Amino acid sequence: MTATLGTTSTTKTPDLGPAVELVSKEEGHRQPLAPEFVSAEDFSPLEVAYDFGRVRREDIEAGPKNIWRYKKLLPVPSNVEEIPNTEPGATRLVRADRLAKELGLKRVWVKDDTGNPTHSFKDRVVAVALAAAREFGFEVLACPSTGNLANATAAAAARAGWRSVVLIPKTLERAKILTTAVYDGDLVAVDGNYDDVNRLATELAGEHPKWAFVNVNVRPYYSEGSKTLAFEVAEQLGWRIPPQIVVPIASGSQLTKVDKGFRELGQLGLVDASPYKVFGAQATGCSPVSAAFRAGHDVVQPVKPDTIARSLAIGNPADGPYVLDIVNRTGGAIEDVTDEEVVEGIRLLARTEGIFTETAGGVTVATAKKLVETGKLDPDAETVLLITGDGLKTLDAIENHVGPKAIVPPSAAAVNEALGY
């Protein structure tokens with residue numbers, strides 16, 4: 001087995017800012033920075049290690065209003081903001097008092113990442129992946145995707161003037177297909193689920209040395225982009241870590257990197273290293289990590305996805321075991337919710353806070369409700385919910401649940417009668 005897929009040769013040392021090497025997650029084996037994602041020593045995932053030096057709050061606050069204000073904490077070139085990119089990040093943190101009351105929580109904040117360029121958090125990770133891919137000499141930006149990543153990859157490649165190759169399950173929501181195809185890259189629908197598509201991407205990465213598959217051969221760098229969610233939440237809260245945070249789980253990478261981001265902020269003295277709990281959210285139709293947590297296991301048994309939350313429908317989540325480690329270490333929990341609860345979660349957030357989320361956000365809101373009801377979320381502790389994608393991408397999930405209150409002729413009397421006035 002090789003740990004290198006689709007690597008490219010480069011004559012220059014990559015400028016990846018504070019990143020100094022790659023480290024295996026299992027045994028801590030170290031190796032030089034490269035487009036590799038699995039350790040040849042212990043076959044575990046690789047992640048980026050840093051020498052941050054001195055990082056000050058005032059330097060971050062003086063930076064651009066996007067994720068590059070945190071470039072000293074990311075594996076990106078020192079001039080990353082000067083190169084054409086989609087400039088994601090700086091999305092709003094909404095104080096959600098009406099939602100909090102409905103959930104039975106004292107204080108809730110919603111991190112609303114629908115405001116990113118392609119309306120999901122995936123713009124963050126793709127921007128970091130593209131910056132690293134450029135340094136390694138790649139020429140094509142590619143990915144396997146359940147939808148949001150397809151949008152982000154195609155858009156980022158178009159902005160950078162690169163070719164894109166995007167692989168999706170053919171059953172993907174129509175809106176996500178259209179909002180990828182519009183960028184005019186190479187979009188390929190595969191007759192299979194996401195796990196089939198991911199295996200195909202790994203095979204193609206080995207055959208095409210100039211293709212940077214953002215979540216395969218440059219995955220260690222790509223995944224670091226999710227740390228910016230943690231950085232922004234902490235900064236927007238006045239440089240502090242929330243006591244509780246609820247994160248949706250697909251591959252599990254986002255949850256692990258949010259935790260890593262909080263820990264790095266504490267280690268650098270940018271926040272007080274106060275305790276916090278991380279909670280995971282899954283849809284019942286694809287809940288292998290939740291099932292493992294409930295059973296007290298430290299391994300995750302793959303499943304065949306069957307849920308409307310297609311952006312979370314990864315039956316064999318690569319970071320599942322590490323999610324379990326983090327949730328157990330922080331004293332959190334993992335729950336799953338039915339498709340019916342997902343729809344109600346979408347509607348609850350929309351009617352209380354005016355935020356329309358896709359199905360993944362419905363999973364997060366509904367899971368938070370369940371965690372409160374089961375006594376796992378502290379109702380008195382400040383809680384952040386990550387809302388990672390826009391509801392316009394998954395209209396099919398609610399089309400049979402919402403609509404006009406009435407259909408009337410054009411008269412005031414008819415309107416009044418229909419509304420009971």
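The structure displayed is predicted, hence computed values, not measured ones.
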Separation between [atom1] of [X] and [atom2] of [Y], rounded to the nearest 0.5 Å:
X: K369; Y: L377; atom1: NZ; atom2: CG; result: 13.0 Å
X: K370; Y: E341; atom1: NZ; atom2: CD; result: 5.5 Å
X: L349; Y: I355; atom1: CG; atom2: CD1; result: 5.0 Å
X: L312; Y: T359; atom1: CG; atom2: OG1; result: 6.5 Å
X: D339; Y: I308; atom1: CG; atom2: CD1; result: 4.5 Å
X: D196; Y: D191; atom1: CG; atom2: CG; result: 8.5 Å

Any donor-acceptor pair under 3.5 Å from [X] side chain to [Y] backbone:
X: S24; Y: H29; result: yes
X: R98; Y: R351; result: yes
X: E173; Y: L395; result: no
X: Q282; Y: S290; result: yes
X: S164; Y: A157; result: no
X: D123; Y: T118; result: yes
X: R159; Y: N85; result: yes

If every non-hydrogen atom of [X] is compared with every non-hydrogen atom of [Y], which pair is closest and at what distance?
X: A234; Y: V271; result: CB-CG1, 4.2 Å
X: P242; Y: V384; result: CB-CG2, 3.7 Å
X: P220; Y: E36; result: CG-O, 3.1 Å
X: Y221; Y: P75; result: CD2-CB, 3.9 Å
X: N148; Y: E358; result: ND2-OE2, 2.9 Å
X: L74; Y: P18; result: O-CD, 3.2 Å

Could you pull out all donor-acceptor pairs under 3.5 Å where a side-chain atom in residues 313-322 meets a protein atom, sequence neighbours excluded?
{"residue": "D319", "atom": "OD2", "partner": "R219", "partner atom": "NH2", "Å": "3.1"}
{"residue": "Y322", "atom": "OH", "partner": "E26", "partner atom": "OE2", "Å": "2.9"}

Please list all pairs meeting salt bridge (charged side-chain N to carboxylate O under 4.0 Å, His left out) that have one or both residues in residues 301-314, counting only residues at least two apart or in different chains.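 For residues 301-314: R310-D396.
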Would C286 and V303 satisfy side-chain contact (heavy atoms from CB on, under 4.5 Å), going step by step from the backbone distance to the final call? CA-CA 7 Å; C286 186; V303 300; 4.3 Å; yes
Hey, are [X] and [Y] close enough for a salt bridge, meaning a charged N less than 4.0 Å from a carboxylate O?
X: R329; Y: D325; answer: no
X: D378; Y: K277; answer: no
X: K257; Y: E47; answer: yes
X: E264; Y: K227; answer: yes
X: D390; Y: K393; answer: no
X: R69; Y: D59; answer: no
X: E382; Y: R240; answer: yes

Quick one: do E224 and R124 satisfy salt bridge (charged side-chain N to carboxylate O under 4.0 Å, His left out)? Show the steps, please. CA-CA 9 Å; E224 292 291 288; R124 299 172 181 272; over 6 Å; no
Less than 4.5 Å apart, side chain to side chain, heavy atoms only: is that true for [X] and [Y]?
X: V323; Y: I334; value: yes
X: I245; Y: F262; value: yes
X: I168; Y: V197; value: no

Please indicate whether K72 has more than 12 foreign heavy atoms, meaning atoms of other residues, nucleotides or ligands, lying under 6.0 Å from its NZ.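 No, NZ of K72 has 12 or fewer neighbouring heavy atoms, counting only those of other groups under 6.0 Å.
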Please determine, by modelled atom types, if [X] and [Y] share a side-chain donor-acceptor pair under 3.5 angstrom.
X: T180; Y: N151; answer: yes
X: T91; Y: D113; answer: yes
X: D195; Y: N198; answer: no
X: Q244; Y: T383; answer: yes
X: D272; Y: S274; answer: no

So R263 and D259, salt bridge (charged side-chain N to carboxylate O under 4.0 Å, His left out) or not? Walk me through it. CA-CA 6 Å; R263 286 187 289 115; D259 172 69; 2.9 Å; yes
Would you sort out whether F293 and D336 count as a side-chain contact (heavy atoms from CB on, under 4.5 Å), showing the intermediate values? CA-CA 11 Å; F293 177 81; D336 56 87; over 6 Å; no
Can E139 and R163 be said to form a salt bridge (charged side-chain N to carboxylate O under 4.0 Å, His left out), step by step? CA-CA 7 Å; E139 298 174 357; R163 177 187 172 191; over 6 Å; no
K260 vs T256, test: side-chain contact (heavy atoms from CB on, under 4.5 Å). Steps then yes/no. CA-CA 6 Å; K260 186 180 182 186; T256 68; over 6 Å; no
Intermediate values then yes/no, side-chain contact (heavy atoms from CB on, under 4.5 Å), E41 and E27: CA-CA 9 Å; E41 298 293 332; E27 299 178 5; 5.8 Å; no
Pairs meeting criterion ring-ring contact (aromatic ring centres under 6.0 Å, His included) with involvement of residues 63-95, two or more places apart: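 Residue pairs passing ring-ring contact (aromatic ring centres under 6.0 Å, His included), neighbours aside: Y70-F231.
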Students often mix this up, so state it plainly: with edges at 30° and 60°, are the rings of H208 and W211 parallel, tilted or perpendicular?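 Aromatic pair H208/W211 classed parallel.
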